[in-house]
Amino acid sequence: MTRTPPVTDPSYDGMTVRPPEQWAVGLPAIANTMKVALEDMGPARTATLLTAINQKDGFDCMSCAWPDPDRRKVAEFCENGARAVTWEATPLTVPSSFWAEHPVSDLEDKSEYWLGMQGRLVEPVYKPAGSDHYVPIEWAEAFRLIADRLRGLDSPDQAAFYTSGRTANETAFLYQLFVRAFGTNNLPDCSNMCHESTGTAMSETVGIGKSTIAYDDFEETDLIIVMGQNPGTNHPRMLTALEDAKRKGAHIVAVNPLPEAGLKRYKNPQTARGLLGRGTVIADQFLQIRSGGDMALLQAVSKRVLEAEDRAPGTVLDHAFLGEHTQGLAEFREHLRELDEAEVLAATGLSSAEIDELAERYLSSDRVIVTWAMGITQHRKGVDTIKEIINLLLLRGNIGKPGAGASPIRGHSNVQGDRTMGIWEQMPDSFLDALAQEFHFEPPREHGVDAVHAIEALQRGEIKVWFAVGGNLVAAMSDTRAAEAAMRGTELTVQVSTKLNRSHVVTGAAAIILPTLGRTEVDLQESGPQFLSVEDTVCAVHATHGAVPPVAPTLLSEVAIISRLARAVLGDDGPIDWAGFERDYDTIRDSISRVVPGFENFNTQVRRKGGFVLPNGPRDSRTFPTATGKAIITVNELEAIIRPEGRLILQTMRSHDQFNTTMYSLNDRYRGIHGGRDVVFVNPDDLAELGIADGDRVDIHSEWPGEADRVLAGQRVVSYPTARGCAAAYFPEANVLVPLASTAIGSNTPVSKAVIVRLEPVRA
Ligand SMILES: Nc1nc2c(c(=O)[nH]1)N[C@H]1C(S)=C(S)[C@@H](COP(=O)(O)OP(=O)(O)OC[C@H]3O[C@@H](n4cnc5c(=O)[nH]c(N)nc54)[C@H](O)[C@@H]3O)O[C@H]1N2
Ligand SMILES: Nc1nc2c(c(=O)[nH]1)N[C@H]1C(S)=C(S)[C@@H](COP(=O)(O)OP(=O)(O)OC[C@H]3O[C@@H](n4cnc5c(=O)[nH]c(N)nc54)[C@H](O)[C@@H]3O)O[C@H]1N2
Ligand code: SF4
Ligand SMILES: [Mo]
């Protein structure tokens with residue numbers, strides 16, 4: 001409570017636009033980190049927290065899912081990690097008087113930035129149907145209200161239970177257990193909007209929807225291809241791994257419509273070289289691809305690999321590997337013979353020479369890693385594109401050997417662990433069987449709704465209660481207006497949260513907010529201090545221990561909230577010992593060790609310094625748990641994005657100073673934007689063609705067949721070196737433009753990276 005929250009947003013009028021930066025991190029990042037942390041938390045709290053983040057006996061950074069190296073430095077975090085910690089661990093709290101002062105209708109006009117800056121939520125609040133105010137209530141009352149509503153439903157499927165990827169393993173396991181014991185598989189999560197395409201593509205082809213590399217593989221590789229990813233902002237410490245790989249002789253290729261600063265040059269703040277020198281060049285080759293062109297690029301490279309094999313039979317492909325571990329090569333070969341180079345060039349916007357160069361790099365490397373994120377998954381053909389990544393890797397045995405593999409880079413710090421723990425609307429029968437055996441009840445088998453299907457079910461009035469552990473679905477979801485209208489149609493929305501966000505003010509008739517502990521806070525239960533665990537993007541599981549006392553004594557942990565809710569809904573006499581779980585989290589881990597493969601002896605393994613790495617068939621032994629036991633080389637029909645005359649393909653992306661729907665500031669330093677977010681980045685040649693100038697204001701119209709335009713009004717045009725025909729704007733604001741029906745084939749992930757738009761100048 002050392003400061004008062006901002007009453008208004010920083011002024012958007014003061015926005016400045018400068019040329020994009022040519023390198024990432026360096027001194028400005030350190031200066032920024034310390035300034036914000038010291039201002040918000042003061043020196044003592046800052047020192048305690050920043051020395052505990054990502055340390056073996058500390059807490060896991062709650063921001064992204066990037067792994068930690070085995071040898072930890074004193075400061076094992078980045079600017080954005082420190083910002084996430086500061087945002088959560090602010091000593092500022094929302095006072096009881098806040099709720100009387102601010103009607104919900106008033107809060108609706110506030111920005112995410114303003115909402116988040118009000119401080120930590122510390123008491124349960126309830127907005128009765130028909131009222132415009134939340135009022136503080138007791139915990140017991142909150143559980144009773146929710147339980148009454150849930151028990152009053154005609155069917156458990158009339159409720160949906162959302163999860164965001166910050167939820168720890170133990171919490172996620174308990175949550176899905178409660179939801180399934182209640183009787184539904186309606187477990188939509190943020191992953192549905194994120195790496196779902198990865199899970200779908202990899203499960204079908206290699207039998208596991210996760211990275212096939214370990215952290216150390218970055219140090220043993222010859223070539224890393226970074227596709228559709230902006231690590232300088234979204235996984236900042238990946239730049240250190242990329243730099244280390246380069247120092248060991250690896251080459252790096254970046255594939256992106258935007259020349260992101262972090263893909264160009266990195267100034268490592270932990271080395272004198274990085275601070276004082278020119279830094280390290282990251283990408284040896286930068287392929288400025290057109291939005292959605294990756295599938296064509298990958299097919300074209302694979303075709304070149306196959307042609308090299310034709311020229312020198314037996315010397316290019318890894319025949320031993322292909323013969324023993326894969327199927328589908330002949331069909332793939334046949335299919336790529338038909339690939340039309342002109343179509344590839346049109347789809348990618350690249351030259352044949354650029355593609356030749358990438359193919360040569362691939363062919364001259366014995367060990368290749370491909371990493372990717374949202375620039376690949378959030379496309380209509382995202383699943384097929386990832387299958388093409390797998391195809392390319394398989395051709396030369398680049399899965400299941402040191403320094404090689406497929407590595408999706410996950411978003412939220414525990415989004416991967418949540419899936420492992422059963423947060424999925426389609427968990428396989430093997431998991432449900434194990435659950436049944438451990439807890440002596442019959443879990444529902446019918447698949448539940450994912451995020452998009454949940455909104456559609458809400459629209460049809462089929463879902464009446466929305467419960468969320470973390471996240472901010474209303475803002476994160478595609479088609480904001482549709483999502484908001486759908487949410488308003490529910491009878492009750494419940495959010496378990498650390499801080500205020502849009503999902504607390506766009507609610508069902510009745511609404512409840514349950515405040516909870518964050519990762520930074522000590523979690524004290526009857527049996528003593530508890531710890532939780534998380535799984536990072538390369539399948540390493542480790543403990544996370546809170547470092548500072550809770551910001552208020554009234555807070556409950558997420559585990560306590562779920563356990564008490566379960567008792568209120570299901571009663572105390574069932575087969576599941578909810579109170580025991582709350583008392584001692586080791587008992588949750590004991591159950592996990594019997595239900596989830598790879599977690600045997602969980603309590604022992606997780607107590608090892610640094611944790612343990614989950615078994616992974618493809619990585620460890622080239623065992624592919626697919627239907628046939630082989631890795632499957634797939635044939636995928638190329639489908640380019642058709643861009644009508646005078647239209648652009650708009651991607652919605654993150655700025656440097658946000659975490660998804662959470663705003664840390666209105667700056668995007670690397671792209672030269674300061675003090676505002678209402679911008680649209682367009683290539684100068686496209687602007688010339690459209691007769692629009694840098695600095696003009698435009699309304700962005702999104703076109704979808706048979707529907708009225710969706711509009712984001714009044715954006716400032718920024719002339720920017722993005723690929724031709726492609727534009728970019730910030731998520732979540734630009735979510736109003738993404739049609740709900742526009743989803744990736746096979747994964748149902750919203751197509752957030754390819755919205756067909758038209759720019760209409762705003763007349764002064
Ligand atoms: N600081 C910070 N860290 C974060 C997050 C955050 O919001 N802030 N979010 C977390 C989460 S949940 C996630 S999922 C990750 C997201 O991490 P990213 O996937 O890096 O996030 P985006 O901002 O969506 O950026 C997508 C990148 O893909 C590129 N791209 C867009 N379309 C295409 C395409 O068609 N082809 C190719 N090759 N590239 C394309 C964009 O130019 C951009 O560089 O970050 C996580 N970490
Ligand atoms: N247009 C467009 N839309 C997108 C994307 C895009 O690139 N473009 N990206 C998509 C992606 S990749 C993702 S992952 C989703 C993200 O969707 P979500 O995960 O739903 O959204 P977040 O903004 O990460 O959620 C932030 C909120 O979580 C709560 N929170 C923070 N920490 C804790 C905690 O410890 N416990 C609890 N209980 N709550 C906490 C806070 O209240 C905070 O406001 O958005 C998706 N939407
Ligand atoms: S790279 Fe990601 S996990 Fe690591 S400190 Fe930075 S934000 Fe946190
Ligand atoms: Mo994500």
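Both ligands and their constituent atoms are indexed starting at 1 by order of listing.
- When heavy-atom distances to ligand 2 are checked against a 4.0 Å cut-off, M374 comes that close only through its side chain, counted from C-beta outward.
- Within the listing of ligand 1, atoms 34 (C), 35 (O), 36 (N), 37 (C), 38 (N) sit less than 4.0 angstrom from a heavy atom of D294.
- Residue T233 has at least one heavy-atom neighbour below 4.0 Å for each of these atoms of ligand 1: 1 (N), 2 (C), 3 (N).
- Listed by number with element, the atoms of ligand 2 under 4.0 angstrom from any heavy atom of K499 are 42 (O).
- Those atoms of ligand 1 that come under 4.0 Å of a heavy atom in M653, given as number and element, are 23 (O).
- In this structure, of L517, T661, V751, T662, the residue bringing a heavy atom nearest to atom 23 (O) of ligand 2 is T661.
- Using a 4.0 Å cut-off between heavy atoms, N234 contacts ligand 1 through both its backbone and its side chain.
- In this structure, the protein non-hydrogen atom closest to atom 20 (O) of ligand 2 is Y162 OH, 2.6 Å.
- The N/O atoms of N472, backbone and side chain alike, include one that comes under 3.5 Å of an N/O atom in ligand 2.
- When only non-hydrogen protein atoms are considered, atom 44 (O) of ligand 1 lies nearest to E260 OE2, 2.6 Å.
- Where the criterion is an N or O separation shorter than 3.5 Å, residue side chain and backbone included, M477 fails it with respect to ligand 2.
- Geometrically, ligand 2 and C194 share no nitrogen or oxygen pair separated by less than 3.5 Å.
- Ring orientation note: the planes of W372 and H195 are nearly perpendicular, at an angle over 60° on the 30°/60° scale.
- Residue contact check for ligand 1: Q378 places no non-hydrogen atom closer than 4.0 Å to it.
- Contact annotation: for N80 versus ligand 1, heavy atoms closer than 4.0 Å belong to the side chain alone.
- Nearest to atom 33 (C) of ligand 1 among the protein's heavy atoms is G375 O, 3.4 Å.
- Between R669 and D657 no salt bridge is recorded (no basic side-chain N to carboxylate O distance below 4.0 Å).
- Annotation: atom 25 (O) of ligand 2 to nearest protein heavy atom, G471 CA, 3.2 Å.
- Among R654, Q658, K753, the residue whose heavy atom sits closest to atom 8 (N) of ligand 1 is Q658.
- Residue contact check: T516 has heavy atoms under 4.0 Å from atoms 36 (N), 37 (C), 38 (N) of ligand 2.
- With a 4.0 Å cut-off on non-hydrogen atoms, T652 touches ligand 2 through its backbone as well as its side chain.
- A donor-acceptor contact shorter than 3.5 Å is absent between the side chain of E484 and the backbone of R481.
- Taking the six-membered ring for Trp and thresholds of 30 and 60 degrees, Y664 and W87 have ring planes more than 60 degrees apart, a perpendicular arrangement.
- Residue Q495 does not touch ligand 2, judged by heavy-atom distances below 4.0 Å.
- Looking only at heavy atoms of the protein, atom 13 (C) of ligand 1 is closest to G411 CA, 3.2 Å.
- Atoms of ligand 2 lying under 4.0 Å from any heavy atom of G470, numbered from 1 in the order shown and given with element: 37 (C), 38 (N), 39 (N).
- In this structure, atom 34 (C) of ligand 2 lies nearest to the protein heavy atom T498 CG2, 3.5 Å.
- Classification of the H545-F531 ring pair by plane angle, with boundaries at 30° and 60°, yields tilted.
- Using a 4.0 Å cut-off between heavy atoms, I289 contacts ligand 1 through its side chain alone, with no backbone atom that close.
- If you look at A476 next to ligand 2, the close heavy atoms, those under 4.0 Å, come from the backbone and the side chain alike.
- The shortest N or O to N or O distance between R519 and ligand 2 is not under 3.5 Å.
- Using cut-offs of 30° and 60° on the angle between ring planes, the pair F681 and Y720 is perpendicular.
- Taking every heavy atom of S291 and a limit of under 4.0 angstrom, the matching atoms of ligand 1 come to 35 (O).
- Under 4.0 angstrom from ligand 2, there are no non-hydrogen atoms of M62.
- Counting only heavy atoms of the protein, atom 4 (C) of ligand 2 lies nearest to F731 CE1, 3.1 Å.
- Between F659 and H412, the distance separating the two ring centers is shorter than 6.0 angstrom.
- In this structure, the side chains of H235 and I409 come closer than 4.5 Å at one or more pairs of heavy atoms.
- Set against the non-hydrogen atoms of N501, the atoms of ligand 2 under 4.0 Å away are 27 (C), 41 (C), 42 (O), 43 (C), 44 (O).
- Contact annotation for H379 and ligand 1: only side-chain heavy atoms (C-beta onward) come within less than 4.0 Å of the ligand.
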